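Structure first, then comments.
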Amino acid sequence: MATRLDWNDIRARAAKFAEEWKDAHYERGETQTFYNEFFELFGVTRRRLASFEYGVKLPENKRGFLDLFWKGKLLIEQKSKGQDLKPAREQALKYFPGLKEEELPRYILLSDFQNFELYDLDIDPDKPLVFKLDQLPDHVQSFGFIVGLERRLFRDQDPANIQASEIMGALHDALEASGYDGHNLERFLVRLLFCLFSDDTGIFQPLGIFEEYVANTREDGADVGGALAALFQVLNTKENARHKTISAELNKFPYVNGDLFAENLPLPHFDRDMRNKLLAACGFKWEAISPAIFGALFQSVMNTEERRKKGAHYTSEKNILKVIEPLFMDDLKAEFERITSLKRGRDKALDEFHTRLSKLTFFDPACGCGNFLVIAYRELRELETRILKELHPEQRVTDIGLYTRVNVDQFYGIEIEEFPARIAEVAMWMTDHIENVRLSAAFGEAYTRIPLTKSPNIRHADALETDWSQVISADKCSFVFGNPPFVGAKYQSEQQREQVRRIAALGGSGGSLDYVCAWFIKAGQFTKGSGARIAFVATNSVTQGEQVGQLWPVLFDRCKLEISFAHRTFQWLSDARGQAHVHCVIIGLSQRNQEPSQKRLFSYLTIDGDPVESSHSALSPYLIDASRLRDKHLVVRELSRSISGAPAMIIGSKPIDGGYLILDTPEEKAEFLAACPSARPFVKPFIGGQEYLNGGTRWILALQEASPAQLRAMSSVSERLKFVREYRLGRRPAKRKQDKEAKKPGISARGLADTPAQFHVTVIPKSPILVVPEVSSETRRYIPMGWLEPPIIPSNKLRFIKDADLYQFGVMSSAMHMAWTTFVGGRLESRFQYSIGINYNAFPWPAAPGEKEVEKVRTLAKAVLDARKQFPDSSLADIYDATSMPPVLLKAHRALDVAVDRIYRKEPFGSDGERVEHLFKLYEDLIAPMFSVGIKRRKRMPSGKSDTSSLAAGE
């Protein structure tokens, strides 16, 4: 149902509704008509979902009537205009005792026709959304549950976690500055973290003895290192094996085990400042934070360049829960609720369920500091505590430790770096202790597991070079999940690129997959034939653009996987220093024939907001509803020419010159021509995507037709050509990067070194061209397109069509083409990245448009250009901005949308989702014969051309 929505249309209908009902005031006379029309705003018939005057039995043989009731979803209490809504909420809640458990609504709506209060009892029952009738268009998406879009809130982590990360980051920096670094520093910090946690959470008894121990050292810090060395030795020694002469202060500390303190480390020499930072860490209340901050700690000590090399993006609890809840926790909690409602055999079923929890295994093959394993373990232990409380409601147990079955050895991980691998172990032990403390509180009995007897199974290794079955066998693995390194194809090291190509085994050039794809494929191969389910975080590139055609056939056909749930693109934020802002998706995968009948899709109305959830019988790798497609595995291939016979689109000039042939500003151009006036005929306007969208011009030296004598006579030009040659040979950095070392040149650059006046791609148009910027903001309803005229030279940041017709401009500027671009095209972060092979060549144009239809599109396309002309002082970026697009231009585009839609089919499209479904069906029809006989140019495009000679740049 979600794909049928068009929120712009719903907003428009809501505005009309608000205007028509602005005088409504009478509860009894107008309520039913009001809400019948209210539901119609969303394309839903009220009587299919909800009943008026629904009767319920209340205590003391009383009877109540709900103004409007949708079982399990919505209760509406309606009042006449001007009445106080506070009593209405109390009245609504009084009906709850008369409802069955499964009938209890999630939402309560209170209204007096002109004022509204919407309560979401699952998210925050005490903070309603409050708005007036005329504000309804701004809040329609809050009623997404009417069309099956439930808002889902994932818990965020405590701000104290961020503060703890900063404290440890400061201590790390001070130690590193003193010359204490590498393995020793990493091991030392892990030990300190354990001590700090233990001091505040009860592993060390009495509480605070570690802080007291540090405080008793000299203020200048001279003896801190020795004191810590003695302590670490004690923590690694059983009580009965300690020296008889050990001080009482040290003998208070317990034996820990777990090999955490086994290695004999050289310790740092502290000074006053370093000791003060350690005391500040001791003074922090560590019991208030989650062990998952260890990941944030690790990120806080990594610089941006190092993080990019490793592809490391650590995360908050909120984002981890987006993975583990739909992967397994939601199902486990639902099973728990089902069992606890049984009237017979309840305790036996609970005990069997408890045993099943203890046999589940969890594997993160890129575990980093163990954040995913930590949160998964915590959630599992909390569920176990609920089971134990149900089985022992009177808390009559003599030793609660005999009843707990879930333990850290159910968790497995692989991590390439030693420091985070060791942190992951400590984080799991600390989580175990914290959950034991909570269990003790629930049953009023102290329970600890020190010394440590079981350990998480964390392997320090390269996951892509490791046989995963040597870590955990596939038949014993329940879930594979995590946040593997991203690293785009352009940023991969040679080793990383080789790993991806070996695992993907695509043949030919090897493809251009992101690093994360190797984890998807290896996980699919590892779990093939088992019942294990998979969920990974990934860059949104794996669901858009050219990577879809490379990755997903491997997952579907070779690994026999199906999509079971997914989060569409959202912003992945880390709470550590130097936080990473990445646009991500989450993909959940199941073995074929073991996937759930209903797939869950989490969609984000804003990139940094909370998702709404919808259910579908099938999901496409583009993360759209695939239930209406014949082939739910359909992927769009990058094509070398238009599948529909459209005119060829190519890229603009690509000089590969390091910027030395380019004059970036009018001042630089004037200075250059003053020194070398004979170069004027060769200086041409040079327009890329940035200049086209935002205005401004650069110039380029187009010397292709200059004779050797002319080149030799222009000394300033000769100097620039010398710089170009040196840049192409890797001997000179780019013009704007003089403070950096020269990059190793590619094959193309080296091949051009001996002809520095030539571009890598040379395009010098002789007539107007229709241009499309390579990258455009995702907030724009339409990608701004238009004509440029000679002598302008387009850069490779523009795609263009020679001798284009207004008809081509009209179709490409329509909602139909934008829907294809949005769902199928590639992205740069979240911005549209227009690919010739996918966005244009694979786009199915209308099959056989009539001449009248074509002329109408041309007329309305011209109207779009005319609307632009009304704003000569505004750039295309200004007039296509989502918040400032002029109404006249928006109206012209919408008229064009309708005309283009009708060429595809007579019935109107309800949403972009419907448009994409229709285009996919056309693509499917076109692609089948294409791969058997090669691409045939079909006569699908109108032959007539309109006059474009007067279409100036920027129109």
Side-chain angles (χ1 to χ4, degrees), residues 5 7-58 62-99 103-147 149-151 605:
L5 284 178
W7 288 112
N8 288 328
D9 288 342
I10 292 175
R11 288 189 191 92
R13 290 153 73 180
K16 184 177 180 182
F17 174 87
E19 177 63 26
E20 291 176 350
W21 285 94
K22 64 182 180 181
D23 297 321
H25 63 283
Y26 183 43
E27 176 190 352
R28 293 187 178 274
E30 298 178 295
T31 295
Q32 294 196 8
T33 305
F34 182 85
Y35 283 105
N36 284 338
E37 293 187 10
F38 179 83
F39 275 79
E40 287 293 341
L41 296 180
F42 302 89
V44 174
T45 303
R46 186 275 313 162
R47 63 177 176 272
R48 291 182 178 272
L49 304 173
S51 303
F52 290 113
E53 297 299 322
Y54 185 83
V56 295
K57 291 183 180 180
L58 299 176
K62 293 182 180 180
R63 191 166 181 81
F65 293 90
L66 289 68
D67 290 340
L68 188 146
F69 185 54
W70 178 1
K71 291 181 181 180
K73 190 69 67 175
L74 174 67
L75 186 159
I76 296 179
E77 187 64 27
Q78 185 67 28
K79 297 298 179 185
S80 294
K81 181 179 179 181
Q83 288 192 11
D84 187 0
L85 294 182
K86 185 176 181 180
R89 180 174 185 267
E90 296 173 357
Q91 183 176 343
L93 293 175
K94 286 180 180 178
Y95 294 126
F96 276 44
L99 299 172
E103 293 178 332
L104 291 173
R106 173 175 172 175
Y107 302 93
I108 295 177
L109 179 64
L110 312 176
S111 175
D112 68 347
F113 293 107
Q114 305 305 311
N115 298 281
F116 294 83
E117 294 181 6
L118 178 65
Y119 292 84
D120 184 337
L121 303 183
D122 282 2
I123 302 297
D124 195 335
D126 297 318
K127 291 186 178 180
L129 171 67
V130 179
F131 62 93
K132 294 184 177 297
L133 177 62
D134 61 2
Q135 297 172 318
L136 177 61
D138 299 325
H139 297 287
V140 290
Q141 288 176 324
S142 297
F143 293 89
F145 61 86
I146 293 177
V147 289
L149 294 176
E150 294 281 8
R151 183 175 173 230
L605 304 176

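These figures come from a predicted structure and were not determined experimentally.
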Query raised in the report: Any chance the rings of Phe143 and Phe38 have centres within less than 6.0 Å?
Result: yes
Rounded to the nearest 0.5 Å, how far apart are [atom1] of [X] and [atom2] of [Y]?
X	Y	atom1	atom2	value
Gln78	Gln32	CD	CD	11.5 Å
Ile108	Leu121	CD1	CG	4.5 Å
Phe96	Leu104	CZ	CG	6.0 Å
Gln83	Leu110	CD	CG	12.0 Å
Leu99	Phe69	CG	CZ	4.5 Å
Phe131	Leu136	CZ	CG	5.5 Å

Under 3.5 Å, side chain of [X] to main-chain N/O of [Y], donor-acceptor pair present?
X	Y	result
Arg46	Ala50	yes
Gln135	Lys132	yes
Asn115	Ser111	no

Any Lys/Arg nitrogen of [X] or [Y] sitting under 4.0 Å from an Asp/Glu carboxylate oxygen of the other?
X	Y	result
Arg89	Asp126	yes
Lys22	Glu19	yes
Glu77	Lys79	yes
Asp122	Arg106	yes

Query raised in the report: In this structure, are over 12 heavy atoms from other groups packed under 6.0 Å from Arg47 atom CZ?
Result: no
Requested in this report: I would like to know whether Phe113 and Phe34 meet ring-ring contact (aromatic ring centres under 6.0 Å, His included); could you show each step before the answer?
Outcome: CA-CA 8 Å; Phe113 293 107; Phe34 182 85; 5.1 Å; yes
Validation row: [X], [Y] side chains within 4.5 angstrom (heavy atoms):
X	Y	value
Phe17	Leu133	yes
Leu109	Phe116	yes
Pro105	Leu74	no
Leu68	Leu75	no
Asp67	Phe52	no
Ser142	Leu118	yes
Tyr35	Glu40	no
Lys71	Tyr54	yes

Query raised in the report: Does a donor on one side chain and an acceptor on the other come within less than 3.5 Å for Trp21 and Glu30?
Result: no
Query - Between Tyr119 and Glu117: side-chain donor-acceptor atoms closer than 3.5 Å - result: yes
Query raised in the report: Please walk me through it: do Phe42 and Phe145 pass side-chain contact (heavy atoms from CB on, under 4.5 Å)?
Result: CA-CA 10 Å; Phe42 302 89; Phe145 61 86; over 6 Å; no
